[in-house]
Amino acid sequence: MDLGEGSGRLGSLPTTTSRTMSSSSSAFFSANQSPLFSPRSSTCQLSESARFDVQCDSTNLSADPSSSSSGIPDPECLANVGFAVSDESLMAAACVSSDFPKFDYSSCTYSHLHDNGFSGIIEKHRRHIRSHDMMFSPVPISLSSYQQSSYDVYIGLHGRKPSLLRFTNWLRAELEVQGMSCFVSDRARFRNSRKHGRIERAMDASSFGVLILTKKSFRNPYTIEELRFFSSKKNLVPIYFDLNMGDCLVRDIVEKRGELWEKHGGELWISYGGLEKEWKEAVNGLVRADAWKLEALEGCWRDCILRAVTYLAMRLGRRSVVDRLTKWREKVDKEEFPFPRNENFIGRKKELSELEFILFGDISGESERDYFELKARSKRKHLTIGWSKSRSLEERRRECNWENGSRKGKEPVIWKESEKEIEMQSTERQRYQRPRSSGRNSRRKRPAKFIYGKGIACVTGDSGIGKTELLLEFAYRYHQRYKMVLWIGGESRYIRQNYLNLWSFLDVDVRVENGIDKRRMKSFEEQEEAAISRVRKELMRNIPFLVVIDNLESEKDWWDQKFVMDLLPRFGGETHILISTRLPRVMNLEPLKLSYLSGVEAMSLMQGSVKDYPIAEIDVLRVIEEKVGRLTLGLAIVGAILSELPINPSRLLDTINRLPSRDFSWSGREAHSLRKNTFLLQLFEVCFSIFDHADGPRSLATRMVQVSGWFAPAAIPVSLLALAAHKIPEKHKGTRFWRKLLRSLTCGFSSCYSKRFESEASSMLLRFNLARSSTKEGYIHFNEVIRMYARRRGVTGVSHAMVQAVVSHASLSHHSEHIWAVCFLLFGFGNDPTVVELRVLELLYIVKEVILPLAIRTFMVFSRCSAALELLRLCTDALEAADQAFVTPVEKWLDKSLCWGPIRTNAQLNPCLWQELALTRATVLETRAKLMLRGGQFDIGDDLIRKAIFIRNSISGEDHPDTVSARETLSKLTRLLANVQAHTSP
């Protein structure tokens, strides 16, 4: 239910609910049984007035059952932001309304309230509402099926503030996901007395009453009534929204003490014509519920909701829910963020405020006081809307509306107003459309304007300018507004795997389906789409997540050229999407162009811990700032060098200028920033010189940087990085021999020394900002600019050293990204050349221990069928090429020296190795055939398995277990292929 639309949800709760409550909650419930009843028939006749009331109160009701416990609909059902219930749902609501008898207050637990005259106050308030000709937004209520006779939780609220509605949506969705039925209502927005009676019965039938209290709740008669009612039942659960529990004291409110109640306090019962005694009794009832201590302040929404769900589950006897939430929180605490927060983050206040405004549609807290300028992208030039501190929010809205009303020559823009919210919604189509080009000189489609409050924002800028730092700071600053921050690497080869890796946090199953015994077998493409759809559906619930796609390389996936848009949930939902990229635009949305730091901020970043430079040195720092391209990465490295070494800016600048620049053949869009910024590359060389001066000509830190460029763009284990660095071949063979001899003599102490060297080298990289620490212990991460330069700078054998280290020590479950990076180096995926050539023994080991397990896991666990099959196909080609080299005649010097003897082949010279190579190829072929079986490609699988059987018959014989197993697979493929041909034949 989208409370932001003021809507209700019809039939969202299951018709029967199995409730396991604790003894205390059961006692509360049994003392007040619900007066709900079963309807006389499934159909009913409504009068015109009743029919009109139902239609008015049900307009644009949210039919989004994605967060209910009954299941999740197809994405097509959720295509629009505003949902409308079906005709059957409207008739069900009408039947429920018409079949309810007149509520008898004398026979229920409300009798004591109405005996004291409270019913007259409520009726007076209702008549006051009816007397005003006002357009109310749809009613925020959870309208359940008539068979729902009891609820675990009643959630009451008052107000239309967007943040309040977002919080309530999240709380209700979280409770329902954990199996607790809910009834949500803002009773002050009702005009229909019949529905008021229905809500009162739902209150009576609820085990607990969760009331979300704001500063305006204490002047609402319905909230006061709910407080008194649930306090009397001793099942009140108050949640203080933007309030402290200590603020809600009767004396402070009445006497207007403190900054909060100076404006909103006073004798509030007078505002609705209530009684002072009843109002004070209701507010004093909060003291008896102080054991809950649930405060939803600006920076603790997530903690408050998870605590509320945990406490309610404990009181209801749902121990499994408590255990599940505890394990989930432990996992999130360790793995939510990829990097620790940058405590030295500088500037970017404007960008952070604008990102908040783009995602949420409003700003709050400190961001509201920050000055920022919002530029409206339109066809008119110089159309800006300036926001300053001195102007009130209402004045800003009026100016925005006036400016919008005077716009000409473009599509209309609708401005929606609510309290502390400005939401601009374009009427033009917001879905991504592939730009059409009719010729070489055709005009490109203009990107869409900023869409505020729709939950998607894109940040673009050059490499090293600070995009990741901005996204990380935003995620840390606002993470309490989301259930979790889901960080995804956006590199085109890894983005789909990174997206599917979210299954462990979302608790979804993305494994491939076993459709062999079904009537219709899904294709590989359908199975991949089904796995992605399961993750996407979880993100389309009313539970808010923040999906951060960092360093998006392309709008299309590298594997199948599908748009990245297909991975993301719909825009406008509770889940927000934040993208950083070097692309000029993404999905036809105009990104937020990240500019350079200001002069003061850049100077502060470069000075580091030294703040007392003379004016001459400050001028040198300004020169360095310009030469480094004002990139944040370069400024941070300069500041680290000045902080770590006794060197002044003048000497540093002279050192950089004296270093010769390396001549590389740059190519590609990624290398553009490096090609034009040779000073930054010289700065990197200064760091390498510092490392070599400290640890010798072959510094471990320098070699770790060199080898990092060949790893995947993910966090790298320091031990694995150091191992690859040690495997880099040395230039002087003699030195290498003596080092090996020395290592063999001191093997007992090598592990201790190597760990110490690894720790010192990684610490040096972190101190000089060439690497950044990871939240995973023992991992570090390198910027893409540094990785790119390391690949260009690396000496011969660096990529081979990385392959050897990963193959020998990497774990498939923990380092799958780096294992895929090895595969990209070994096999020519797409148009890429083969970077690393392997010997036959090395190839056999890698195929058995790495390639086959990786392909099977990728296919079965993540449903990435195309990637797994492509990997096995390239592996088969590599094995066939090696086999061809084995059977090709070779000339040996021994054969030439003798007059007799034919020219032999490697297969004859080394028959055991050749047989092992052939059998390995048969294993790969059989694996491919079995995987083809799961995708319905029986003809291809039949051809592959026959090749495998031929190889095994030739080497192992017909009676070998492997040969028999392959024949069984062939018989299954033959049977299924015959069935397909029988059904498809005319």
Side-chain angles (χ1 to χ4, degrees), residues 339-348 462-466 468-470 472-473 596-662 673-674 677-696 699-702 704-705 708 759-773 780-783 785-786 789-790 793:
F339 314 113
R341 188 170 188 175
N342 185 4
E343 300 298 336
N344 299 320
F345 184 81
I346 296 176
R348 305 298 189 191
D462 296 333
S463 298
I465 201 171
T468 302
E469 290 289 348
L470 177 65
L472 185 67
E473 178 63 22
Y596 304 111
L597 293 176
S598 66
V600 176
E601 294 165 348
M603 194 62 60
S604 175
L605 188 59
M606 284 190 296
Q607 286 180 338
S609 59
V610 183
K611 303 295 183 181
D612 55 350
Y613 285 120
I615 298 178
E617 298 296 335
I618 296 295
D619 294 337
V620 174
L621 285 177
R622 291 195 180 97
V623 174
I624 295 178
E625 177 189 358
E626 293 298 329
K627 283 182 170 291
V628 85
R630 302 178 66 185
L631 294 178
T632 307
L633 175 64
L635 301 178
I637 295 176
V638 170
I641 294 175
L642 296 178
S643 299
E644 293 290 333
L645 301 178
I647 186 175
N648 56 29
S650 300
R651 186 177 176 188
L652 175 61
L653 178 60
D654 181 64
T655 303
I656 297 174
N657 290 329
R658 283 191 289 108
L659 279 178
S661 60
R662 292 173 176 259
S673 59
L674 293 182
N677 197 342
T678 57
F679 189 85
L680 180 63
L681 307 184
Q682 290 175 300
L683 183 61
F684 294 160
E685 291 295 336
V686 169
C687 294
F688 298 151
S689 300
I690 295 172
F691 300 156
D692 294 340
H693 180 77
D695 296 335
S699 169
L700 180 60
T702 302
M704 288 169 69
V705 175
S708 67
S759 177
E760 292 177 355
S762 62
S763 176
M764 190 176 299
L765 293 175
L766 295 175
R767 294 201 314 270
F768 282 85
N769 289 324
L770 288 183
R772 66 179 308 159
S773 58
I780 59 176
H781 191 280
F782 290 87
N783 188 281
V785 176
I786 297 176
Y789 180 65
R793 183 185 187 273

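Below, all heavy atoms of this structure are taken into account, side chains as well, without hydrogens, waters or symmetry copies. Predicted model, so just to flag it, every value in this text is computed and none were measured.
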Considering all heavy atoms, the nearest A761-M704 contact:
CB-SD, 3.6 Å
Rounded to the nearest 0.5 Å, what separation is found between the CD atom of E625 and the CE atom of M603?
6.0 Å
Go through the steps to decide whether I624 and I656 satisfy the test side-chain contact (heavy atoms from CB on, under 4.5 Å), and finish with yes or no.
CA-CA 10 Å; I624 295 178; I656 297 174; 5.5 Å; no
Please round to the nearest 0.5 Å and tell me the distance separating atom CG of L597 and atom CD1 of I346.
7.5 Å
Any donor and acceptor pair, going by atom type alone, linking the side chain of S604 with main-chain N or O of V600 inside 3.5 Å?
no
Any side-chain heavy-atom pair from L635 and Y596 closer than 4.5 angstrom?
no
Salt bridge check, D654 against R651: does any charged N sit closer than 4.0 Å to a carboxylate O?
no
Can you measure from CD1 (I647) to OG1 (T655) and round to the nearest 0.5 angstrom?
4.5 Å
How far apart are the C-alpha atoms of L642 and Y613, what are their side-chain angles, what is the distance that settles it, and do they pass the side-chain contact (heavy atoms from CB on, under 4.5 Å) test?
CA-CA 11 Å; L642 296 178; Y613 285 120; 3.7 Å; yes
Is L472 close to R772 at the side-chain level, that is, under 4.5 Å between some pair of heavy atoms?
yes
For S699 and D692 the tightest heavy-atom approach is CB-OD1, 3.1 Å
Could you label the plane-to-plane angle of the F684 and Y789 rings as parallel, tilted or perpendicular, counting under 30° as parallel and over 60° as perpendicular?
tilted
If we only count heavy atoms from C-beta on, is the K627 to L653 side-chain gap below 4.5 Å?
yes
Any non-hydrogen side-chain atom of E469 less than 4.5 Å from a side-chain atom of T632?
no
Are the side chains of L770 and F691 in contact, using a 4.5 Å heavy-atom criterion?
yes
So how far is it from L631 CG to F679 CZ, rounded to the nearest 0.5 Å?
12.0 Å
If we ignore hydrogens and angles and just use 3.5 Å, is the side chain of N677 paired with the main-chain N or O of V628 as donor and acceptor?
yes
How far does CG of L621 sit from CG of L652, to the nearest 0.5 angstrom?
8.5 Å
CE (M764) and OG1 (T702) are apart, to the nearest 0.5 Å, by 8.5 Å
Salt-bridge criterion met for E601 and R348 (N-O under 4.0 Å)
no
Here the pair of heavy atoms bringing N769 nearest to A636 is ND2-O, 2.9 Å
Set out, in order, the CA-CA distance, both residues' side-chain angles and the distance that settles side-chain contact (heavy atoms from CB on, under 4.5 Å) for F768 and I637, then state yes or no.
CA-CA 6 Å; F768 282 85; I637 295 176; 5.7 Å; no
Quick check: do V785 and L680 have side-chain heavy atoms less than 4.5 Å from each other?
yes
